[in-house]
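Have a look at the structure below, then the notes.
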Amino acid sequence: MKYWCWFLLLFSLSGWSRPLIKVGGYPYAPFVVKLSDSHYEGLTLDLIDQLNAIQQEVNFVFVPTSAANRYKALDMGRFSLMLFEDSNWGWQADQYKMTAPFLGGGEVYVALKKAGRDQRFFDDPASHHLIGVTGYHYGVGQFNADPAYLKRTLNITLVKDNISTLQALLKGRGEVAILNVSYLNQYLLAHPDTADQLLISQKWDQQYQHRTILHPAAPITPAQLEQWLAALQQKGELDRLWTKYGVQQYATP
């Protein structure tokens, strides 16, 4: 009995001894969805669970942040990495470590259907009252996420997340919402009746490649993370997650 207790203790300590890797994330459906101050869900959290299951070297945990504060938080070491980022979103390539891209995506313009509106309505998005998210980077905004710059150069209403972006559009708080295709696909799947209300552009605001951004002092390397992602891909777990959340490589709007 004594030896069994020692075995359980050693087994428990071996789990706790794994280095803790904190993963930052901000509300960005379907990747991170904030349900309450202490409860989050989404693709990022599911991928964290899969990364913990595929290896025994480190333990990944989720740490919430905001889109605008994520750079400072990473620099200060509040977390070690962020999973779904594009290198064009304000990251300086020479200051961070990055994985190769592992998921595509993009954002489109969405308006309410009205008489006389067609795809020509999106020819000059900057001429309309836009709706976007504080801290997000947009092609129409020259990828400058500074709210003061966006409000100075565009007629734009900024909200807290992309869920609020679509809600604001449906309430008439602006003419054109900028939405990522993954969230839009997921929303329309859950609310098919809304599709008849929306005019979705065939024109991209941007197309991006998701990769992981790591702090220079992160306890793991990009190559390690790529190896674990490759193992999940081989097992079919990544495809299962991509299907669950409606993400895919450059889906057609």
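Taking all atoms of both residues into account, the shortest heavy-atom contact from D75 to H215 is O-NE2, 3.5 Å. For the residue pair I178 and E107, the shortest heavy atom distance occurs at CG2-OE1, 4.0 Å. Between S80 and A218, the closest heavy-atom pair is O-CB, 4.0 Å. What you find for F60 and L81 is that their closest heavy atoms are CE2-CD2, 4.2 Å. Closest approach of D193 to Q197, counting heavy atoms only: O-NE2, 4.1 Å. The two atoms that bring V140 and P125 nearest to each other are CG2-CB, 4.2 Å, heavy atoms only.
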Evaluate the criterion side chain to side chain contact (heavy atoms under 4.5 Å, CB included) for residue pair L130 and L150; output intermediate values, then yes/no. CA-CA 10 Å; L130 302 172; L150 291 174; over 6 Å; no
Could you go step by step and tell me if Y138 and L154 meet the side chain to side chain contact (heavy atoms under 4.5 Å, CB included) rule? CA-CA 11 Å; Y138 297 113; L154 299 169; over 6 Å; no
Pair V32, F62 - check side chain to side chain contact (heavy atoms under 4.5 Å, CB included), show working. CA-CA 10 Å; V32 176; F62 177 74; 3.9 Å; yes
Would you please test H210 and F31 for ring-ring contact (aromatic ring centres under 6.0 Å, His included) and show each step? CA-CA 11 Å; H210 287 299; F31 301 92; 4.9 Å; yes
Between L229 and L51, is a side chain to side chain contact (heavy atoms under 4.5 Å, CB included) present by the stated rule, with each step listed? CA-CA 8 Å; L229 290 171; L51 286 169; 4.3 Å; yes
When you look at Y28 and F84, which way does the ring-ring contact (aromatic ring centres under 6.0 Å, His included) test go after all the steps? CA-CA 10 Å; Y28 177 40; F84 294 98; 8.5 Å; no
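Without hydrogens or angle criteria, Q119 side chain to I200 main chain gives a donor-acceptor distance under 3.5 Å. Checked by atom type and distance alone, the side chain of N180 pairs as donor or acceptor with a backbone atom of A29 at under 3.5 Å. The closest donor-acceptor contact from the side chain of T99 to the backbone of T212 lies under 3.5 Å.
H137 and Y71 have perpendicular rings, their planes meeting at more than 60° on a 0 to 90° scale where under 30° would count as parallel. Ring geometry for Y187 versus H191: interplanar angle under 30°, hence parallel rather than tilted (30 to 60°).
Judged as a salt bridge (charged side-chain N to carboxylate O under 4.0 Å, His left out), not a single pair has a partner in residues 163-188 (not counting sequence neighbours).
Residues W89 and Q206 are in side-chain contact: their nearest non-hydrogen atoms beyond the backbone lie under 4.5 Å apart. Between F102 and E226 there is no side-chain heavy-atom pair separated by less than 4.5 Å. Side-chain atoms of Y109 and L199, non-hydrogen and from C-beta on, never get closer than 4.5 Å to each other. Counting heavy atoms from C-beta outward, L214 and Y96 have side chains that stay 4.5 Å or more apart. With a 4.5 Å cut-off on side-chain heavy atoms, R117 and L112 count as touching. Put simply, the side chain of Q224 does not reach to within 4.5 Å of the side chain of Q55, judged on heavy atoms. Put simply, the side chain of L198 reaches to within 4.5 Å of the side chain of L169, judged on heavy atoms. For the pair L47/L238, a side-chain contact is recorded, criterion being any heavy-atom separation below 4.5 Å from C-beta on.
Rounding to the nearest 0.5 angstrom, the gap separating the CD atom in Q227 from the CD1 atom in I54 is 10.0 Å. R120 contributes atom CZ, which lies 15.5 Å from atom OG of S201 (distance to the nearest 0.5 angstrom). In this structure, the separation between CG on D123 and CZ on F121 is 10.5 Å, given to the nearest 0.5 Å. Between the CD1 atom of I21 and the CZ atom of F79 there is a distance of 13.5 Å, given to the nearest 0.5 Å. Note that CG of L179 and OH of Y136 are 10.0 Å apart. Values are rounded to the nearest 0.5 Å. For the atom pair NZ of K235 and CD of Q50, the computed distance is 7.0 Å after rounding to the nearest 0.5 Å.
At most 12 heavy atoms of other shown residues, nucleotides or ligands fall within 6.0 angstrom of atom NZ in K72. The number of heavy atoms from other shown groups lying within 6.0 Å of NZ (K160) does not exceed 12.
Qualifying side-chain contact (heavy atoms from CB on, under 4.5 Å) partners for D94, counting only residues two or more places apart in sequence or in other chains: Q92.
Both L170 and L188 are members of a single hydrophobic cluster when ILVMFWY side chains are connected at heavy-atom separations under 4.5 Å. Tracing side-chain contacts under 4.5 Å through hydrophobic residues (I, L, V, M, F, W, Y), one never reaches L189 starting from L241; they form parts of separate clusters. Under the 4.5 Å side-chain contact rule for hydrophobic residues, L225 and L20 do not share a cluster. A continuous path of Ile, Leu, Val, Met, Phe, Trp and Tyr side chains, each step under 4.5 Å between heavy atoms, connects V63 with L74, placing both in one hydrophobic cluster. F143 and Y149 are not part of a single hydrophobic cluster, where members link through side-chain heavy atoms under 4.5 Å apart.
Checked for salt-bridge contact, K244 and D46 meet the test: a charged N lies under 4.0 Å from a carboxylate O.
Between the side chains of N144 and D146, no donor-acceptor pair of N or O atoms lies under 3.5 Å. With no hydrogens or angles considered, no side-chain donor-acceptor pair links N162 and T165 at under 3.5 Å.
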